[in-house]
Amino acid sequence: MTEDKLSQDARAVAEMTPDVGRDPIGAVYAEAFLGAAETAGATDSLLETFDSMVEDLLDKYPRFEELLASGLVSHEEKDEILDRVLGPRVPSVFLNFLKVISKHDRLDCLRAIHRQTRLLYDQLRGCVPVRLTTAVAVDRAEAKKIGDRLKALIGGEPVLTCNVDPELIGGAVVRVGDTIYDGSIATELKNVRKQMIDRSVHEIQSRRDRFRYSD
């Protein structure tokens, strides 16, 4: 994908309404980024570069992120900053991509672009983001076992993000997109309680029906 195609996508984003969320904007740039990376034959390495920028620069130096996102700093000044900070360290394809974003005043969406890039990349590889929440931390072997069991359920390769919630009585809660697979003991107790109530109601109705029949 050429810089002209990136510019076309950037113009399309610029025409979006001002109140649109950052994720839709990020999705447009993510598709353009992966296209450019694929054309360059360096998808994995460019993704690692993007990961490193977020983790090693944006996370550790919030003022740098604020500077890139600021509307008070001109596009030309931001280009100079990108050249000075990243120029010697990143591939030209990645640097040019950032400059296209800068030209269209969307550097405030860098995290959304990165997030959507990872999501789209996982989708193309048949990977499915999965959030696993457990009462206690699970080790790598346990996480792998859980991931293996999830493959058939979700129809893809699970990419696990593990979290700990001590308020869970036990078990695990698995979230895939908007779907929650809840295997916690707390939920099981609720289900047992509901089954007991339903069974009691059924028995009462059956006795009532027998009384009516006998009358």
Side-chain angles (χ1 to χ4, degrees), residues 21-35 37-38 42-66 68-69 86 89-90 94 97-98 101 107-195:
R22 289 182 178 177
D23 279 344
I25 294 172
V28 175
Y29 280 110
E31 185 175 353
F33 175 77
L34 287 178
E38 184 178 353
T43 304
D44 289 340
S45 62
L46 286 171
L47 267 174
E48 290 176 1
T49 299
F50 208 162
D51 292 340
S52 178
M53 179 183 182
V54 172
E55 295 170 6
D56 298 331
L57 277 178
L58 304 189
D59 287 349
K60 295 180 180 179
Y61 303 98
R63 288 188 178 179
F64 178 70
E65 182 174 7
E66 292 173 5
L68 293 181
L86 297 176
R89 299 177 178 85
V90 302
F94 185 72
F97 176 73
L98 294 179
I101 300 174
L107 283 175
D108 62 320
C109 296
L110 269 179
R111 288 185 183 273
I113 296 170
H114 176 257
R115 181 168 57 251
Q116 293 299 319
T117 298
R118 272 295 172 188
L119 287 174
L120 180 58
Y121 181 66
D122 286 342
Q123 289 174 8
L124 294 174
R125 292 170 56 216
C127 296
V128 182
V130 176
R131 184 175 296 276
L132 171 67
T133 304
T134 54
V136 295
V138 296
D139 59 28
R140 184 173 300 178
E142 291 172 329
K144 185 179 184 305
K145 289 180 181 178
I146 294 172
D148 290 341
R149 290 200 296 269
L150 285 171
K151 284 183 182 179
L153 181 64
I154 64 179
E157 184 69 29
V159 179
L160 283 179
T161 299
C162 298
N163 298 286
V164 176
D165 181 1
E167 293 186 3
L168 279 178
I169 297 178
V173 175
V174 178
R175 186 182 188 99
V176 183
D178 294 329
T179 303
I180 297 177
Y181 301 93
D182 192 339
S184 68
I185 292 177
T187 299
E188 292 177 6
L189 290 175
K190 290 179 182 178
N191 291 337
V192 169
R193 180 174 178 272
K194 184 177 184 302
Q195 291 172 5

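Keep in mind that this is a model prediction, so the values were computed, not measured.
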Nearest-0.5 Å distance, [atom1] of residue [X] to [atom2] of residue [Y]:
| X | Y | atom1 | atom2 | result |
| --- | --- | --- | --- | --- |
| D56 | R89 | CG | CZ | 11.0 Å |
| I113 | F50 | CD1 | CZ | 5.5 Å |
| T134 | D165 | OG1 | CG | 9.0 Å |
| T43 | R125 | OG1 | CZ | 11.0 Å |

Minimal non-hydrogen separation, [X] against [Y], with atom names:
| X | Y | answer |
| --- | --- | --- |
| L47 | T117 | CD2-CG2, 3.4 Å |
| E55 | K60 | O-CG, 3.6 Å |
| P129 | C127 | CD-O, 4.0 Å |
| L107 | L98 | CD2-O, 3.8 Å |
| P158 | K151 | CD-CG, 3.6 Å |
| A27 | Q116 | N-CG, 3.6 Å |

Would you find a donor on one side and an acceptor on the other, under 3.5 Å apart, between the side chain of [X] and the backbone of [Y]?
| X | Y | value |
| --- | --- | --- |
| S52 | E48 | no |
| E38 | G35 | no |
| R115 | G26 | no |

Q: Determine the sole option in L160, V159, I146 for which the side chain to side chain contact (heavy atoms under 4.5 Å, CB included) test with V130 is passed.
A: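 For V130, the side chain to side chain contact (heavy atoms under 4.5 Å, CB included) check succeeds only for L160.
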Q.
With side chain to side chain contact (heavy atoms under 4.5 Å, CB included) as the test, pick out the partner of I101 among L68, L110, I25, D108.
A.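 Filter result, single survivor: L110.
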Q | Residue pair L86 / L57, side-chain heavy-atom distance below 4.5 Å | A |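 The answer is yes, as the side chains (C-beta and beyond) meet within the 4.5 Å cut-off.
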Q.
Run the side chain to side chain contact (heavy atoms under 4.5 Å, CB included) test against T49 and tell me which residues pass, sequence neighbours left out.
A. V90, P91, F94
Q | side chain to side chain contact (heavy atoms under 4.5 Å, CB included) partners of L124, counting only residues at least two apart | A | L34, L120
(Q) Could you check whether atom CZ of R118 has more than 12 heavy atoms from other residues, nucleotides or ligands sitting under 6.0 Å from it? (A)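 Correct, the count exceeds 12.
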Q.
Is it the case that over 12 heavy atoms from other parts of the model lie below 6.0 angstrom from the CZ atom of F64?
A. yes
Q | Test log, rule side-chain contact (heavy atoms from CB on, under 4.5 Å), inputs V54 and D59 | A | CA-CA 6 Å; V54 172; D59 287 349; 4.2 Å; yes
(Q) Strictly below 4.0 Å, N to O, side chains only: are K145 and D139 in salt-bridge contact? (A) no
Q: Show the numbers, then the answer: is there a side-chain contact (heavy atoms from CB on, under 4.5 Å) between H114 and L58?
A: CA-CA 11 Å; H114 176 257; L58 304 189; over 6 Å; no
